[in-house]
Protein chains: 2
Amino acid sequence: MVDSVETRERRPLSRERVLRAAVELADREGVEAISLRRLGQELGVEAMAIYRHVRDKDDIVDGAVDAVVGEIEVGEPSEDWQAAMRALAMAARSVMLRHRWAPAVIVTRQNVGPAMLGQIERVLQILRRGGFTIDAAHHAVHVLGSRILGFTQDPFNDSAQASGPQPPPDEVVRAFAPYPAVAELAVAARHDGALGGCDDDFEFEFGLDLVLDGLDRRRASASD
Amino acid sequence: MVDSVETRERRPLSRERVLRAAVELADREGVEAISLRRLGQELGVEAMAIYRHVRDKDDIVDGAVDAVVGEIEVGEPSEDWQAAMRALAMAARSVMLRHRWAPAVIVTRQNVGPAMLGQIERVLQILRRGGFTIDAAHHAVHVLGSRILGFTQDPFNDSAQASGPQPPPDEVVRAFAPYPAVAELAVAARHDGALGGCDDDFEFEFGLDLVLDGLDRRRASASD
DNA sequence: AACATAGCCCTACGCCGTAAACTCGTCAAG
DNA sequence: CTTGACGAGTTTACGGCGTAGGGCTATGTT
């Protein structure tokens, strides 16, 4: 006897499948359209079934965002760091244009998924290979992240803000094992700032002055 | 006979009072805490009473955001445009630090309230007085807006995206009457870009190159 | 005195996220 | 062949959400 329709066409659910559906739904109808009932409907399943594969709704949204960030394609980076960063930025932009809901969501959440960490790693490697000091690279990530790349809300926020008992350096290194440049930065960032994290005020003024300088240089340019 | 408690201590509601309560509530418990029932509770009133003074919930959130933007204090701007912009940016930052929920919300919404328009107007005046061409000022607003000032998602988006029948220039001018520099820009922006609005791609690359240039100049600096 | 209006309340509807208990097919151990 | 555990999915229920629609009352106007 043949399998019933239900049995045949219901491939088992999975985190992957849930997140993919969430991204597609957000692409079609905006982030607000993401709800468990709606997602279940989209997947041919009751809403609560989704909880087998996902912690809660935030986990879905964070996961969808990280999936989008993961779409940013990475070729072998050019030798010239500016060219490499430019290529990465344009790749990021084209992805964000495919998923217009994503940037706004990224800004809202401070959660940093693996794909995002991977991109930060890539940026740091490009910069360090281009001759940036750790500090300079750190500031560069802040400036690039928020506006240009559409990700980052620095990953060390927790250790920085909490100011409670900080994990020992080697534990930090282990947590960031697959991301050596990020780990290097994480350790370096603990030595200076009073709280061991980023000095937000400094990063803000760094970016501000960078922009003001750049604008001054282009002040009189009239071409569009 | 004395007034009942209800009659005496219930000053009439007003849009002002609702928005102020919304800002305070968001400051205390985050934007998500803003709900009509909760707001009513906060104001000593049933939820539905709020609808007499406000269109809907989005109107409340947009209004709260604009109220926050309106908190940015503006002294007489310095002669030096860089100093003036720096002062404005720092003022904006200090306000945003008082209302940490605001920047993320601003990014989400493309609604531009009067306070926000007023700030854009101020920025444009500073820039034009500093010798910027209209075009250069336009690009500068884009670069400054999203990261540094925490507002702007350009105000001409509608006319740019819609690409339907555009209102005649004089109508645009009238809509922006209290904001002469904005109006000037709005008219200028219609002459060039294929769609009569901003060329998003250009703005993106402009900001990108500005940042890359600036970073290159600071590449080797080691101080934090 | 008659009525209009403003300001607020009440009820109800269809959404939402999620806790808890259920069903049911699969499969290994006895 | 029975039994029992287990995992995936379902069902039900709860409290909260935005808001449409209508009702009540106090005040002001004529």
Looking only at heavy atoms, the pair that brings B:Y51 and B:D56 closest together is CE2-CA, 3.9 Å
In whole angstroms, the gap separating P of C:dC15 from CG of A:L39 amounts to 16 Å
* **D:dG7 OP1/OP2 closer than 4.0 Å to side-chain N/O of A:H53** => no
Residue set satisfying side-chain contact (heavy atoms from CB on, under 4.5 Å) with B:E73, at least two apart, ordered chain then number -> none
Rounded to whole Å, CD of A:E46 lies from P of C:dG17 at a distance of 14 Å
Residues at least two apart in sequence or cross-chain that pass side-chain contact (heavy atoms from CB on, under 4.5 Å) with B:S35, listed by chain then number, are B:R37, B:R38
CE (B:M116) and CG (B:D62) are apart, to the nearest 0.5 Å, by 9.5 Å
Here the distance between atom P of C:dG17 and atom CD1 of A:I50, to the nearest Å, is 9 Å
Atom CZ of A:R38 and atom P of C:dG14 are separated, to the nearest Å, by 18 Å
Between B:L127 and B:A140, the two heavy atoms sitting closest are CD1-CB, 3.6 Å
Quick note, B:M48 side chain, CB onward, closest among D:dG18, D:dG9, D:dA20 is D:dA20
Sorted by number, residues from residues 27-37 of chain B placing a heavy atom under 4.0 Å from DNA chain D are B:I34, B:S35, B:L36, B:R37
note: B:R52, atom CZ; C:dT5, atom P; distance rounded to Å ~ 13 Å
Taken to the nearest whole Å, OH/A:Y51 to P/C:dC16 is 12 Å
When rounded to whole Å, the CZ to P distance for the pair B:R17 and C:dG7 reads 13 Å
### Query
Would a 4.5 Å heavy-atom cut-off, applied to side chains only, mark B:L124 and B:H138 as touching?
no
